[in-house]
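See below for the structure under consideration.
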Amino acid sequence: MAKNSNTFLSLIPLLFLTFVATSHAGGIAIYWGQNGNEGTLAEACATGKYTHVIIAFLNKFGNGQTPEMNLAGHCNPSIPNSCTKFSSEIKDCQSKKIKVLVSIGGGIGSYSLSSIEDARNVSTFLWNTFLGGKSSSRPLGDAVLDGIDFDIELGSTQNWQHLAHFLKGYSRYGKKVYLGAAPQCPIPDKFLGTALQTGLFDFVWVQFYNNPPCQYNGNITNLVNSWNTWTRTVPTMKIFLGLPASTAAAGSGFIPADVLTSKILPVIKKTRKYGGVMLWSRFHDLQSGYSTSIIGSV
């Protein structure tokens, strides 16, 4: 009996290492800013559920346009000091080790990059307005955000790789500039396919919703196949499974929490590039409690 017990005990470290080697812990990224009823940024971060918060959206920029930000019912960025109240909240989130990015693009807006020089100009604007640069007009105040998220769904399909290069270049000034991206799950993404191949993006939260060919439809096969293609072909540090936080959050692609935790996460967490789950959006998550249902499994 003693010999058998020792043999069993000796196997514990091996079993643990095997588990670590085949299952990777992740976080939850959340989009915030498109519904005034979703609570404050500080309240979102205080939940302890999110590792990344993405402020959405800067939805007008490029091609000579005066940039504009839309934060729905939270504040009006075009009015001086209307949104600077969020500066202290951003810093509070960052003090909790939460990465805070601002998202450019979105499904509604007017944006494009007409040339490499246009990409350079937009990068300068983003650096001075949201990152470590200086500007007399910083809608979110003096908080230095952690990076920029690309949610490009409209406009030009070119020059996004140049914007990524220019933004990453600002990391040389001290604080690392993180880049996120939210492509659609059909690969390559129409707008960001070339940019993603640069390997400059730290987080890629792929939208596995509103995309029937590669989303969950009662069967996980298409989703898993698409996930495997992304992790195999896109050079990035971490890939997140982007999902709607409720049935109301998207036209299709919602995955019941029990299906996600029992059937999908155990499969995709074996991937070295697994980063976690991205949810659209904080408002819908607040209504559904989806993140609470999955956080123990992510």
Side-chain angles (χ1 to χ4, degrees), residues 21-31 51-52 54 56 99 101-107 113 116 119 123 146-169 171 176-216 220-244 250 253 255 260 264-280 298:
T22 57
S23 182
H24 302 272
I28 297 178
I30 194 81
Y31 276 84
T51 53
H52 304 72
I54 308 137
K99 294 285 187 294
L101 295 83
V102 66
S103 186
I104 62 173
L113 296 176
I116 296 176
S123 75
D146 294 292
I148 305 296
D149 171 61
F150 290 47
D151 183 14
I152 308 304
E153 304 180 37
L154 305 170
S156 61
T157 59
Q158 299 179 344
N159 298 310
W160 300 107
Q161 73 274 26
H162 301 302
L163 180 58
H165 274 290
F166 291 134
L167 286 170
K168 268 297 182 185
S171 295
K176 179 178 179 178
V177 175
Y178 289 90
L179 297 183
Q184 311 294 313
C185 58
I187 192 167
D189 181 79
K190 176 181 177 181
F191 297 96
L192 292 174
T194 301
L196 291 173
Q197 287 302 319
T198 63
L200 294 171
F201 289 82
D202 303 280
F203 320 112
V204 179
W205 11 77
V206 185
Q207 296 184 46
F208 282 88
Y209 52 94
N210 295 335
N211 286 295
C214 45
Q215 70 189 26
Y216 173 75
I220 72 170
T221 302
N222 289 347
L223 183 151
V224 170
N225 287 342
S226 179
W227 172 269
N228 288 338
T229 301
W230 276 97
T231 57
R232 196 169 55 243
T233 62
V234 176
T236 184
M237 291 297 293
K238 295 295 179 182
I239 294 180
F240 287 62
L241 182 72
L243 300 174
I255 303 176
L260 179 67
I264 297 175
L265 289 180
V267 175
I268 68 173
K269 286 179 69 173
K270 296 176 182 178
T271 314
R272 179 178 55 83
K273 290 182 181 178
Y274 171 78
V277 174
M278 175 275 279
L279 296 178
W280 176 268
V298 173

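For clarity, every value in this text was computed on a predicted model and none was experimentally measured.
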Please confirm whether the ring centroid of H52 lies under 6.0 Å from the ring centroid of F240.
yes
At what distance, to the nearest 0.5 angstrom, does CD of Q158 lie from CZ of F191?
11.5 Å
All heavy atoms of P183 vs all of W230, minimum pair found to be CG-CH2, 3.5 Å
Is any NZ, NE, NH1 or NH2 atom of the basic residue among K99 and D202 found under 4.0 Å from an Asp or Glu carboxylate oxygen of the other?
no
dist T271:OG1 -> H24:NE2 (nearest 0.5 Å) comes out at 7.0 Å
Could you label the plane-to-plane angle of the W280 and Y31 rings as parallel, tilted or perpendicular, counting under 30° as parallel and over 60° as perpendicular?
tilted
With rounding to the nearest 0.5 angstrom, report the CG to OG1 distance, N225 to T229.
6.5 Å
Straight-line distance of M237 CE to Y178 OH, nearest 0.5 Å
9.5 Å
How about V206 and I187: do any of their side-chain heavy atoms sit closer than 4.5 Å?
no
So which of I239, I54, L241 actually passes side-chain contact (heavy atoms from CB on, under 4.5 Å) with W205?
I54
Nearest 0.5 Å, please: how far is CG in L113 from CD in Q161?
9.0 Å
Please find the pair of heavy atoms, one from Y216 and one from L223, that lie closest to each other, and give the distance.
N-CD1, 3.9 Å
Which pair of heavy atoms, one from S103 and one from D151, lies closest together, and at what distance?
OG-CB, 3.6 Å
